[in-house]
Structure formats: structure tokens, C-alpha cells
There are 2 protein chains.
Amino acid sequence: MNIRDIALKAKVSVATVSRIMDPGKKGLVSPKTRAKVEKVIQKYHFVPNRSAQALSKHSTHTIGMVTPFSPEIVRSPYFEGLIAGIIEGIKPLSYDIKWIMVRDDEAGGLKLNDLMQRHAVDGMVFLAWRLMAELVKEIEKRTHLPAVLINDYDAHIRSSIVYCDNKPGMKQICAFLAAKNYSKIGMLRGPENVSPDAHERYEAFKAGLKQHKIGFHEKYTEKCERFDEQSGFHAMERWYERGDLPQVIVCANDDLAWGAMRFLQKIKVRIPEQIGIVGYDDAPRSEWTHPQLTTVRQPTEEMGKAAIETLIKLISGKDRKPVQIKFEPQLMIRESA
Amino acid sequence: MNIRDIALKAKVSVATVSRIMDPGKKGLVSPKTRAKVEKVIQKYHFVPNRSAQALSKHSTHTIGMVTPFSPEIVRSPYFEGLIAGIIEGIKPLSYDIKWIMVRDDEAGGLKLNDLMQRHAVDGMVFLAWRLMAELVKEIEKRTHLPAVLINDYDAHIRSSIVYCDNKPGMKQICAFLAAKNYSKIGMLRGPENVSPDAHERYEAFKAGLKQHKIGFHEKYTEKCERFDEQSGFHAMERWYERGDLPQVIVCANDDLAWGAMRFLQKIKVRIPEQIGIVGYDDAPRSEWTHPQLTTVRQPTEEMGKAAIETLIKLISGKDRKPVQIKFEPQLMIRESA
DNA sequence: CGGTTACATGTAAGCGCTTACAAAAATTAA
DNA sequence: TTAATTTTTGTAAGCGCTTACATGTAACCG
């Protein structure tokens, strides 16, 4: 059942049927024919062929959600929020959403244009794009493409991006700890090669301490290999062996915090009585672990939503000027510090 | 840059270019022309237009992942596993995956064919489809459509489905509790209108007790309004007020279990020393809550993967016979019982 | 009432691909 | 060498829609 069949049955031309199907062409058909044709459309449950429409209109009405190709990704709480936001953001539009997963090995040779063509999308939002760095390098050059990045901002990025500023988060943490009169505050630092977060959070941490006149030594710091629980565990272990543990430990993300807590609990250190722990990200687990983790919430849902809205504007707008949107994090005070 | 441009530059016909682009048509072009044309393709980074291909081939090489339209859905750990499995399953194929979210209000009038046409997909897998019951009723009739359901099996379903059997799970729980010499075992039951799970698990529970000659009374049971934490909390509260708590409580899912635990902890009942708790689903949280939850794991990842594989077979096969695949759950013994 | 204008509908040329079929070229057989 | 095959390439007709343009019809005006 295609548009011609309908036209035949309704005794009108295909053009008329097409005009009736297009909500943007409200006034172009007389009420009488419209009624007649709509009856036929209803009767045969006619749904126009998307591929034909796309071919003809040069637009697929579909956007691509680009992620690295790893099942673990959906496991991450960070994604959870982002995706929820994307879903929410796409609701009022009638865009379809295609999940484009990019393998590491293919990321190198890919061009952005290719991606869009190959998957037939009008625009793309990139999640965890640091992991596809090769691909995304191009975004820097072709800033007119309808693509928006989420998070991992750093100063030289010129393309459209939605991100959450690290500084206020650390600032809030330091203010909170200062108010609690902690004087010896340490940090579990993240790996600096994965995303700018590790470095930014560390710098913001130092700045925060300084602001509250709390002493800082590099030795009140331990570097982690990755941003995961295991790394946190091992880093804590190393620190314990070399001795001189601080009163509170601020961790570069929640996973590191849990790893650290696990080690401390193993050696029977009580949290927060003996050592306090602060995380960063407010993964849902934070509320369920014991003790509940004091951490910093990034408004992932809002960010996902903003990303979609930005993208749609880019797609439909004439002037494709890159847009950069900053969000503010918020300290969530719970039990671990 | 389209196929005609390439044909022109390479001084061949479009048919030749098309044949070269199609990996299924390996032998149809002489090595010499192939080399010549491929050079041009490389040079101009030619990527064929998906919409045109789809229109011409009557296949979009895209499958739809159908879920209710609610952001909360991605929050559920059950989804996490399923989606991870779907990603994993789609890896070796080169199908695209489109996330189709169905609003409650639109689900009524929709036809499956419509859905496929409207979103340009070759087949669909349905997650949490009980929540779109109206839509899915049709699947029962049109069993030849390339669509597969995940979970929520009940006996009269004739379409393709991948599901996890509830009986062995409860059986394992009862065997375990019997071995621990519990004699007074209760259950927090789920709402029976949402999915057959509530009823099945309850029946399996009774059967399990019987098998191990453990006494059962309906009063060792409390019904919950929904399958969530709050309902578990309130149900436990009611039970506590009416008194006569059992030694262990088997919960119809993990959320109820956490709700129950939260209430018990609030009134300072020690778990598992005073009352044991068993859940069902093995949501990731189970490992992080305190105490860790003894529960039953459904192999969600494997199920997601199986669903995709089944679907692809349905799409490409000639005979579209419905396939039903059953998975077995597994008891995860942890701290809460 | 003829001429102008506004509105409604139809005609047909694409959109960029695939593929059946035809034609040409290369290979083999006789 | 020519005919019969096989292999390679080209031609052109779709796939199902949109839309610029042409045509037809109705309404309006002096």
C-alpha cells in the first residue's frame, strides 16, 4: 500500500495525497478532498515510506547517538542520566534516535560525514567521545556539522558542546570540609590522559584548599591508573603502606571512592569516623552503599536534554554557529564525610 | 558526491559502481575496473546513500528496539543487562539499531506494520512490552512479523519470545532456605496485574515449600501494590504492625527486598541475624547494599543477545516460524540470608 | 460578462540507488 | 577461423515519495 494506491482509490493525484500527509501543508487542500482522502488513508492504514521520504526530502528525521562500542557503557551511571535526558529531550520533537556504536578499530578511518551518511542521520550527539578521540578530532575542523559533544570540555574546543564545570564542584567540597574543620585533606587523583577531568579536578582541589587556608602537600595525594574501583582500591593500598593517611580523602570520581572505601573497610578503618571519603559524580550507587557517599552531582539528565535541543537547533537552523553550554554541579552531603 | 559522480569520474556505468559497493557481488567485476573504481571511491570518500539503498532494496538494515517512552526505563538494572546483550548481539552483524519509544497514549491505535514502516526498520525487539500491552496484542495474530518479545512469558503466547523461567529460581531459593533449617518462611508478593511474574513466583514459592515439607500459611505473605522499593517498605510496615514476622522473607523482586530491608533497618531489626531477606533479579545494587542481597540472577545479557540473534534469523529467513527460547535463573547466595 | 486573481489539483521530473536485461568483450571450443 | 560460451559492462526501469510548475476551476470586480 503506497501513495499511488491511495491516490487511485481516492481518485486524486499522488501530489494531493502527499500534501495531505504533510502536516506542514495544512491549507493547501480543500476540506472536501481532504476528508475524502483521509477516509481512504484511515481505511488502508497508510503509512508513508520513510526511506522514500528521506530520499526525496534529503532529511531522515533521525538523529544519531554516538557511543563507543562497548556493552559496559550502558552500565555506567553517568550514561544512565545522559540517556534519560536525551529521551526526555527528544520527546516533544518527533525525531527518531539511532544508536551508533563506533568500534575502536574503525574510529580511525571514519569521517564525520561518512558516519552521518552511512547511518542516515541528520545530526549526532557524542557520548564518551574521548574514547573515540580519533574520530572526533575532525569535529574541531568541521564545526558547521550538526554534531554536539557531551562533557569533557577543555579550553580549545570550538565545536558545540554541553558540559559540566569541575571547579564549582571542588570548591563546594573544600568549603564543606573546611567548615567541618578538617585540616589534613588528601586526594585520590584520576589518570590525566583519559579526560581533562582528572587534571581540572586536581587543580580545583588545590585552589579550594588554598582559598580556605588549608595546608596542602603533594604527598597527601595518590594517583590512580584508571577511573575505576579497582584502581581506587590499589591506590588506597599503596597509600596505606607508605603511611601518613589524611583525615579525609577527596576522590576524583565515585568509582575511585568506592575502591578506597572497600580497602579501608577491609583493614577495619571506620568511615567516616576515622577517615572521611568524598566522591565525584553522584552515581546512583552513592545512595545505596554503606555508608552513603558524599559526592558531587552532575546534572546529567539536564545535560542530555540540552544536548538534544542544541542539536535540533543546529539541524534546522541556517547559521550553524557552535554553541557551548555550561552546567553547574552540586554537592550532595551524605554519610561518608 | 553520489554514485553517478563516481561513475563519471571513473568512466564506468553506475551499475558497475553499485556492484563494487556491494560486498555480496564479489566476482561480478573484473579486477582491473574494480581497482580503478575503488581508487576514485577512496579519493572522494564515497559513501552510498542509505535511504536510496533502502528504498531500492526494500530493507533498511536497521532493527528497532521498542520500549515504553519513559526515561526511568534506562534506570532499571534489568534494562542495563538486556541492552548490553543487545549491543553484544548486534556486534557481528552490521545492522543499525533504532530506539523506538512508544508513548502510552499512542500505543492504542498503533499497528505493528505501521511501527515498522514509520520508523523504517526491518524487525523489532520489544522490551518491557507488558507496558504496551495494547500494541503487542497484535503480535499474537501476526506471528509472521519479524518481532521478538523479551521476558514475561505466559503459556498462551505464540509469537517469538526469549524469557527466563521463574520456577527454577524459586525452587533454588526454597532448597537453600530448607538446607539452612528455616521453618517459618514468608513472602512479599508482587502485584499480579503487571506481569505474570508475580503470580508465577508466588506459585513456585508455595510449590517449593511443599517440596521441602515446610509449613505455609497465607498469612506469612504480604501483597505489594507495585514492584518498587516504596511498596516493599510499606508492605513490611503493614506486616510489622499486624505482627507475626517470619524468619526469612522471600521477595518477588529486588526492589521489594530493599524496601523491606529499609523498613527493618529503621526499626533496628538485624539482617540476616533476626530476619533474613531474599530478593529476585540480581540487580547490580545487590552487591553494594549492606548487607549484600541474596537473590536470583536472570541472565539478562544472554537474553538480549539471544533476542537479537533470533530476530535476525526471522528477518533473513524464509519461513517465519515463531521461536521461543527459555533461560534458567541462578541463585546468588550473599549476605542477607 | 470578460478579465483578473486566488485557490485547488494535476503532471512530471527528480532524489540516489539496485537490478533485470541487453550488449559487448573476452575466452573457449570446434 | 568462426561459433558458442562465459565474463564483464552498460542501459534503463523501477523503488515511493516531494515539489516546481502547469493547468483548471471558482470567486471577484468593474
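Computation of the quantities below employed the complete heavy-atom set of this structure, encompassing side-chain atoms and omitting hydrogens, waters and symmetry-equivalent molecules. Proteins get letters first, then strands, A, B, ... in listed order; numbering begins at 1 in each.
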> Does the side chain of A:S159 come under 3.5 Å of the side chain of A:R142 through a donor N or O and an acceptor N or O?
Replying inline: no
>> What range of DNA chain C does chain A touch, first nucleotide to last, counting atoms under 4.0 Å from its heavy atoms?
In response: C:dA8 to C:dG16
> Do B:Y163 and B:I150 have side-chain heavy atoms sitting under 4.5 Å apart?
Replying inline: no
>> Using heavy-atom distances to pick each residue's nearest nucleotide on DNA chain C, tell me which of A:A15 and A:P31 is more 5'.
In response: A:P31
>> Please compare A:V14 and A:T33 by the position of their nearest nucleotide in DNA chain C and report the one closer to 5'.
In response: A:T33
> Which part of the nucleic acid, if any, lies within reach of B:S18 when heavy atoms closer than 4.0 Å are counted: base, sugar-phosphate only, or nothing?
Replying inline: base
> Which part of the nucleic acid, if any, lies within contact of A:K25, taking any heavy atom under 4.0 Å across all strands shown: a base, the sugar-phosphate backbone alone, or nothing?
Replying inline: sugar-phosphate
> Does B:F69 offer a backbone N or O that forms a donor-acceptor pair with the side chain of B:R103 under 3.5 Å?
Replying inline: no
> Checking salt bridge (Lys or Arg N to Asp or Glu O under 4.0 Å) for the pair B:R50/B:D96: CA distance, chi angles, key distance, verdict?
Replying inline: CA-CA 11 Å; B:R50 278 283 286 254; B:D96 274 6; 3.4 Å; yes
>> Could you check whether A:K326 makes a cation-pi contact with A:Y153, meaning its NZ or CZ is under 6.0 Å from the centre of the six-membered ring and within 45° of the ring axis?
In response: no
> How long is the line joining CG of A:L28 and P of D:dT25, in whole Å?
Replying inline: 19 Å
>> Pair B:W99, A:I87 - check side chain to side chain contact (heavy atoms under 4.5 Å, CB included), show working.
In response: CA-CA 10 Å; B:W99 193 340; A:I87 294 184; 4.0 Å; yes
